[in-house]
Amino acid sequence: MNSPLISPRVLKGFRDTLPNMMLAREAILETARRVYRTYGYTPIDTPALEYSEILLGKGGEETDKQMFRFADQGERDVAMRFDLTIPFARFAAQHLQEIGSPFRRYHMATVWRAEKPQKGRFREFMQCDFDTIGTDSNAADIETLLVINDLLEAIGFERFTIRINNRLLLSGLLDQFGLEDQATGLLRALDKLAKIGPEKVLAEMTERTTARPEQAERILALCRAQGTPEELLAEVEPQLTGSPRGEEGLARVRELFAVVQSAGLPAGRVTLDLSIARGLDYYTGTIYETFLDDLPGIGSVCSGGRYDDLAGLFTKQRLPGVGASLGLDRLLAAMEELGQIESASTPAPVLMTVFDASRINDYLLTARRLRNAGLCVELFADEKAIGKQFKYADRRGFQLVVIAGPDEFAAGSWQVKDLVTGDQSTVADADLVTFVQQAIRPS
RNA sequence: GUGGCUAUAGCUCAGUUGGUUAGAGCACCGGAUUGUGGUUCCGGGGGUCGGGGGUUCGAGUCCCCUUAGCCACCCCA
């Protein structure tokens with residue numbers, strides 16, 4: 001009579017999330033929401049599924065986008081969103097009248113990419129985007145940097161580096177060489193510097209673009225230069241005089257670092273790295289990449305940049321903007337590898353034990369009293385020996401256990417034990433709420 | 001999508017040139033400890049060796065396919 005069992009499994013690149021990881025994820029989402037709001041970013045949402053033509057854009061380079069794409073039941077050509085930027089472009093074009101300009105939004109949602117999975121790279125993952133559109137102001141670029149910094153700090157990181165570059169510097173340089181039209185290929189090669197080394201970058205530059213070897217060497221030499229932002233800028237400056245784009249880039253980067261300095265960010269937190277370029281074509285100005293100092297190999301956990309025109313595919317209205325995206329799942333993978341994910345699997349710090357099942361009313365009502373005071377309390381739901389209940393509390397990561405047996409009921413009191421310190425106190429029923437509130441460690 | 005490495009208990013891994021009933025640590029459950037976890041001691045459950053096919057007297061071990069993970073390319077959070 002037994003039907004064959006279906007083997008429980010999930011698709012390649014897709015994963016279940018267990019309680020301890022989910023608690024960590026929710027904590028980060030809450031933090032991101034808080035930080036974004038302090039800068040005035042407002043929340044929006046868009047559909048997970050869109051017409052393929054929207055997501056593909058004009059180029060229709062599906063192979064590059066790696067989208068999950070299929071025909072729906074009405075034979076519409078549809079696809080799962082692979083980032084939050086394209087949907088935002090469509091959204092902005094469609095709702096410009098309602099949202100006005102400039103406009104700041106954050107959007108924290110799941111995206112899907114049919115790529116081959118690797119560590120920190122999944123087919124379903126969550127991004128936490130924030131963008132400011134409708135302004136060319138450098139102030140927006142600088143605030144974007146500050147958001148990234150505040151966000152990582154608020155999540156609890158101290159050792160991370162935000163690498164900054166500005167496409168205008170490179171564009172200015174290329175203007176001088178007459179290589180403007182080779183920008184994409186050159187930048188893509190340059191972006192790999194840290195990974196494949198200067199020789200291979202040079203080779204790729206000369207093989208895949210029309211740049212002559214000596215030009216490629218000049219570009220590479222400038223971008224590889226080491227030093228403080230001021231030193232680097234001083235070094236590039238002579239190469240850019242006369243190029244409007246280059247000079248604007250210089251001014252914007254200088255202004256940004258001036259703020260970084262006066263804002264008192266830790267030394268080395270923000271660096272100028274002329275070699276980072278981002279493979280994406282659409283960045284035109286400031287570029288951001290964020291690396292964890294303790295785990296740089298996992299890649300950038302928060303990246304973004306300035307673009308000239310977000311919604312050019314969908315409207316004639318020009319919408320310049322700047323923004324970045326926190327890669328939540330990549331960050332969580334990094335935190336897990338760094339041992340920063342707590343093992344606790346309960347959101348409640350307090351376990352109400354049931355010592356005497358005949359007094360269940362007292363336990364239920366007292367737990368409720370604690371909850372009404374804003375505390376998170378789980379009632380142990382099985383009739384098991386008190387030792388088992390303690391063990392359960394310990395395994396799940398509860399901080400406090402509340403106990404009452406015949407002696408306590410006779411005396412009108414409770415026992416409250418802190419599992420972390422081992423301290424146990426007798427507390428009068430009337431004082432229980434206050435006592436528990438004070439015993440909870442802020443976390 | 002292309003190429004490479006890997007898959008043994010919930011987790012991390014042993015398992016000799018193919019040869020009896022596949023092991024350990026941690027985790028889990030029970031007991032020592034019928035009002036107290038985390039330490040200690042004792043005991044227990046749990047594996048068709050990822051799945052399918054083949055070679056062989058005999059396959060965890062060799063071959064093919066498949067699924068998944070990891071790495072490189074590509075791209076990117």
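All of these numbers come straight from a predicted model, not from anything done at the bench. Lettering follows sequence order; numbering is per chain, from 1.
The salt bridge (charged side-chain N to carboxylate O under 4.0 Å, His left out) test applied to A:R359 returns A:D362, not counting sequence neighbours. Take A:Y41 and apply the ring pair (Phe, Tyr, Trp, His ring centres under 6.0 Å) test, not counting sequence neighbours, and it matches A:F130. Scored by the side chain to side chain contact (heavy atoms under 4.5 Å, CB included) test, A:R25 finds A:T17, A:M22, A:L29, A:M126, A:L328, A:D329, A:L332 as partners (sequence neighbours excluded). Remark: A:R105 engages A:D129, A:D131 in a salt bridge (charged side-chain N to carboxylate O under 4.0 Å, His left out) (not counting sequence neighbours). For A:N138, the side chain to side chain contact (heavy atoms under 4.5 Å, CB included) partners at least two apart in sequence or on another chain are A:D141, A:I142, A:R252, A:E255. When the salt bridge (charged side-chain N to carboxylate O under 4.0 Å, His left out) test is applied to A:E50, the partners found at least two apart in sequence or on another chain are A:R90. With sequence neighbours excluded, no residue satisfies salt bridge (charged side-chain N to carboxylate O under 4.0 Å, His left out) with A:D394. Here A:D356 pairs with A:S358 under the side chain to side chain donor-acceptor pair (under 3.5 Å) rule; sequence neighbours left out.
Atom CD1 in A:I287 sits about 12 Å away from atom P in B:rA77, given to the nearest Å. Atom OH in A:Y106 sits about 21 Å away from atom P in B:rA77, given to the nearest Å. Between the C1' atom of B:rU36 and the CG atom of A:D356 lies a distance of 16 Å, rounded to the nearest Å. Spacing between atom CZ of A:F291 and atom C1' of B:rA77 amounts to 11 Å, rounded to whole angstrom units. With rounding to whole Å, A:R81 atom CZ is found 17 Å from B:rC76 atom C1'. Taking atom CZ of A:F130 as the reference point, atom P of B:rA77 lies 13 Å away to the nearest angstrom. B:rU33 atom P lies 21 Å from atom NZ of A:K384, rounded to whole Å. Across the protein-nucleic acid pair, A:F68 atom CZ and B:rG1 atom C1' stand 13 Å apart, rounded to whole Å.
Within the nucleic acid shown, A:Q424 comes within 4.0 Å of at least one base atom, counting heavy atoms only. A:E124 comes within 4.0 angstrom of no nucleic acid atom, judged by non-hydrogen atoms across all strands. Residue-level contact check: A:D407 touches the bases, meaning some heavy atom is under 4.0 Å from a base atom.
For A:V10 and A:C302, each mapped to the nucleotide of RNA chain B holding its nearest heavy atom, the one lying further toward the 5' end belongs to A:V10. Of the two residues contacting RNA chain B, namely A:L328 and A:I386, the nearest-nucleotide position lying further toward the 5' end is that of A:I386.
Rounded to whole Å, the separation between the C1' atoms of B:rC70 and B:rU55 comes to 30 Å. Atom name C1', nucleotides B:rG47 and B:rA14: the rounded distance is 15 Å, in whole Å. Taking atom P in both B:rU16 and B:rA77, the straight-line distance is 45 Å, to the nearest Å. When the P atom is compared between B:rA68 and B:rA24, the two are found 33 Å apart, to the nearest whole Å. Rounded to whole Å, the separation between the P atoms of B:rG38 and B:rG52 comes to 40 Å. B:rU12 sits 14 Å from B:rA7 when the C1' atoms are compared, rounded to a whole Å. The gap from the C1' atom of B:rG69 to that of B:rG31 amounts to 40 Å, rounded to the nearest Å. Between the P atoms of B:rG44 and B:rC49, the separation comes to 24 Å (whole Å).
The cationic atom of A:R330 (NZ for Lys, CZ for Arg) does not lie both less than 6.0 Å from the six-membered ring centre of A:F125 and within 45° of the ring axis.
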Sugar-phosphate or base contact per nucleotide [nucleotides 37-47 of chain B; S, B, -; heavy atom under 4.0 Å]: BS---------
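With no hydrogens or angles considered, a side-chain donor-acceptor pair links A:Q415 and A:T426 at under 3.5 Å. Side chains of A:R37 and A:Y106: a donor on one and an acceptor on the other come within 3.5 Å. For the residue pair A:E124 / A:W112, a side-chain donor-acceptor distance below 3.5 Å is found, with atom types taken as modelled.
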Write out a two-atom table: protein N or O, nucleotide N or O from nucleotides 69-73 of chain B, distance below 3.5 Å.
from   : atom 1 : to     : atom 2 : distance (Å)
B:rG69 : OP1    : A:G13  : N      : 2.8
B:rC71 : OP2    : A:K119 : N      : 2.6
B:rA72 : OP2    : A:Q118 : OE1    : 3.4

Secondary structure of RNA chain B in dot-bracket form (Watson-Crick or G-U wobble, distances below 3.5 Å, | marking inter-strand pairs): (((((((..((((.....[...)))).(((((.......))))).....(((((..]....))))))))))))....
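Applying the 3.5 Å distance criterion, the base of B:rG35 shares a donor-acceptor pair with the side chain of A:E408. No hydrogens or angles were tested; on distance alone, a donor-acceptor pair under 3.5 Å links the side chain of A:R330 to the base of B:rC76.
The aromatic ring of A:F125 is stacked on the base of B:rA77, with the two ring centres less than 5.5 Å apart and the planes inclined by under 30°.
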Validation: residues 147-155 of chain A side-chain donor-acceptor distances under 3.5 Å, sequence neighbours left out:
from   : atom 1 : to     : atom 2 : distance (Å)
A:N149 : OD1    : A:R269 : NH1    : 2.7
A:D150 : OD2    : A:Y39  : OH     : 2.5
A:E153 : OE2    : A:R269 : NH1    : 2.8

